[in-house]
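Below: one structure, written as structure tokens.
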There are 2 protein chains.
Amino acid sequence: MGLTKSAQFTDQQNKKASVFKALGHPARIAIIEYILTQKTCICNDLVGTLPLSQATVSQHLKELKDAKIIKGTIEGNSLCYCLNPELLTEIKFIIEQYIVGIEQNDSPCC
Amino acid sequence: MGLTKSAQFTDQQNKKASVFKALGHPARIAIIEYILTQKTCICNDLVGTLPLSQATVSQHLKELKDAKIIKGTIEGNSLCYCLNPELLTEIKFIIEQYIVGIEQNDSPCC
DNA sequence: AAATTATATCGTAATATTGCGATATATCTA
DNA sequence: TAGATATATCGCAATATTACGATATAATTT
């Protein structure tokens, strides 16, 4: 057991879940919020900001990058990460659809 | 290791992360979407709908309930779960804040 | 009251995630 | 080119999550 039955759900459901999963760790929320405080992008001054080692920060960045929540460009001998507004907009739409769906239920019960 | 350093992040960051974490599993996305297809609330016809056992479905419902994404009321000898529009609206605000934050960066770089 | 139905919880096995030190890779600087 | 700097990846130990059968709880029906 312990193996998520991804094959049994739709691609859409798995895709949505993996984006939310990427947002589901405080370090990754902290990374997103740190990027927002910077006018330009970040490099690994994150390592100085977060209570985590360089290896761990790099791992979290990778997860955010894999989920396309952030994107990065090479900037000399360091990497420059930015938030991806397109993906955040998609997430917003998912949640909005859910809210609209609730409102359309003409007989709410709880 | 493997112990998330929650104490090192802000309450806000931990709270946001735990809501997203609750959304970060395809079964829980499927549960949310199933509730949306029903005019009234659900009980455990979910067990017939999802490829998971009753125990596992109940566990996922508990996580959604703990995160306040759904709320339930007793309905005879079964439980009736509904989505919580307030919480979904909060999630929408979090994402919107991030999007606004990006837009206010006058020198985007990626 | 006994059987049925609906749901929750316990215990357990398996997989996944988190975190870090060590090491690899790649660019920049002297 | 050698050393410094920035980042990624490997390998491992520890904790967390997922899933399920068995069992508990509680209301409903017969």
Side-chain angles (χ1 to χ4, degrees), chain A residues 1-9 13-14 17-31 34-35 40-67 70-82 110, chain B residues 1-9 13-14 17-31 34-35 40-67 70-82 110:
Chain A
M1 336 238 142
L3 181 115
T4 298
K5 294 184 157 183
S6 313
Q8 315 267 21
F9 300 101
Q13 287 167 341
N14 283 311
S18 67
V19 172
F20 288 124
K21 194 175 187 180
L23 293 172
H25 191 287
R28 295 194 287 268
I29 294 291
I31 289 172
Y34 177 79
I35 295 178
T40 65
C41 297
I42 57 135
C43 310
N44 249 19
D45 21 43
L46 266 179
V47 176
T49 307
L50 300 177
L52 297 169
S53 74
Q54 183 269 320
T56 305
V57 171
S58 181
Q59 205 170 274
H60 283 303
L61 283 168
K62 181 176 159 48
E63 281 172 75
L64 287 170
K65 196 170 39 170
D66 288 349
I70 62 177
K71 45 187 176 175
T73 48
I74 295 156
E75 181 100 341
N77 76 341
S78 66
L79 254 164
C80 171
Y81 285 116
C82 292
C110 297
Chain B
M1 329 228 153
L3 183 114
T4 298
K5 294 183 156 183
S6 313
Q8 315 266 21
F9 300 100
Q13 287 167 341
N14 283 312
S18 66
V19 172
F20 288 125
K21 194 175 187 178
L23 293 172
H25 191 286
R28 294 194 287 268
I29 294 291
I31 289 172
Y34 178 79
I35 296 178
T40 64
C41 297
I42 57 134
C43 312
N44 249 19
D45 21 41
L46 264 179
V47 177
T49 307
L50 299 177
L52 298 170
S53 74
Q54 183 269 322
T56 305
V57 170
S58 182
Q59 206 171 275
H60 283 303
L61 282 167
K62 181 175 158 50
E63 280 172 75
L64 287 170
K65 196 171 41 172
D66 287 349
I70 62 177
K71 45 188 177 174
T73 48
I74 295 157
E75 181 101 342
N77 76 341
S78 66
L79 254 164
C80 170
Y81 285 115
C82 292
C110 296

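Values reported hereafter were calculated over all heavy atoms of this structure, with side chains retained and with hydrogens, waters and symmetry mates removed. Note on naming: letters A, B, ... go to the chains in the order of the sequence lines (proteins, then strands), and numbering restarts at 1 for each one.
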Residue list, side-chain hydrogen bond (donor to acceptor under 3.5 Å, both in side chains) with B:Thr49, at least two apart or on another chain: none
Every protein N/O within reach of nucleotides 17-24 of chain C N/O, cut-off under 3.5 Å:
unit_1	atom_1	unit_2	atom_2	d
C:dT17	OP1	A:Lys21	NZ	2.6
C:dT18	OP1	A:Arg28	NH2	3.4
C:dT18	OP2	A:Arg28	NH1	3.2
C:dT18	OP2	A:Glu63	OE1	3.3
C:dT18	O2	B:Gly2	N	2.6
C:dG19	OP1	B:Lys5	N	3.0
C:dG19	OP2	A:His25	NE2	3.3
C:dG19	OP2	A:His60	NE2	2.7
C:dG19	N7	A:Gln59	NE2	3.3
C:dC20	OP1	B:Lys5	NZ	2.7
C:dC20	OP2	A:Ser53	N	2.9
C:dC20	OP2	A:Ser53	OG	3.4
C:dC20	OP2	A:Thr56	OG1	3.1
C:dC20	N4	A:Gln59	OE1	3.3

Mind calculating the distance between CG (A:Asp66) and P (D:dA8) to the nearest angstrom? 11 Å
Find the distance B:Leu23:CG to D:dT17:P and express it as a whole number of Å. 15 Å
Where do N or O atoms of nucleotides 25-27 of chain C meet protein N or O atoms at under 3.5 Å, pair by pair?
unit_1	atom_1	unit_2	atom_2	d
C:dT27	O2	A:Asn77	ND2	3.4

List the atom pairs, donor and acceptor, that lie under 3.5 Å between side-chain atoms in residues 18-25 of chain A and the rest of the protein, sequence neighbours left out.
unit_1	atom_1	unit_2	atom_2	d
A:Ser18	OG	A:Asn14	O	3.4
A:Ser18	OG	A:Lys15	O	3.0
A:His25	ND1	A:Ala27	N	3.0

Validation row: B:Thr4, A:Pro26 side chains within 4.5 angstrom (heavy atoms): yes
Just jot down the side-chain hydrogen bond (donor to acceptor under 3.5 Å, both in side chains) partners of B:Lys65, sequence neighbours excluded, or say none. B:Tyr81
Is A:Thr73 close to A:Leu79 at the side-chain level, that is, under 4.5 Å between some pair of heavy atoms? no
Can you tell me the distance, in whole Å, between the CG atom of B:Leu79 and the P atom of D:dA26? 13 Å
According to salt bridge (Lys or Arg N to Asp or Glu O under 4.0 Å), does anything in residues 52-64 of chain B pair up with another residue at least two apart or in another chain? List the pairs. B:Arg28-B:Glu63, B:Lys62-B:Asp66
What residues, two or more places apart in sequence or in another chain, satisfy side chain to side chain contact (heavy atoms under 4.5 Å, CB included) together with A:Ser58? A:Gln54
Checking B:Ser6 now: which residues fulfil side-chain hydrogen bond (donor to acceptor under 3.5 Å, both in side chains) with it, not counting sequence neighbours? none
Indicate whether OP1 or OP2 belonging to D:dA8 is found under 4.0 Å from a side-chain N or O atom of A:Tyr81. yes
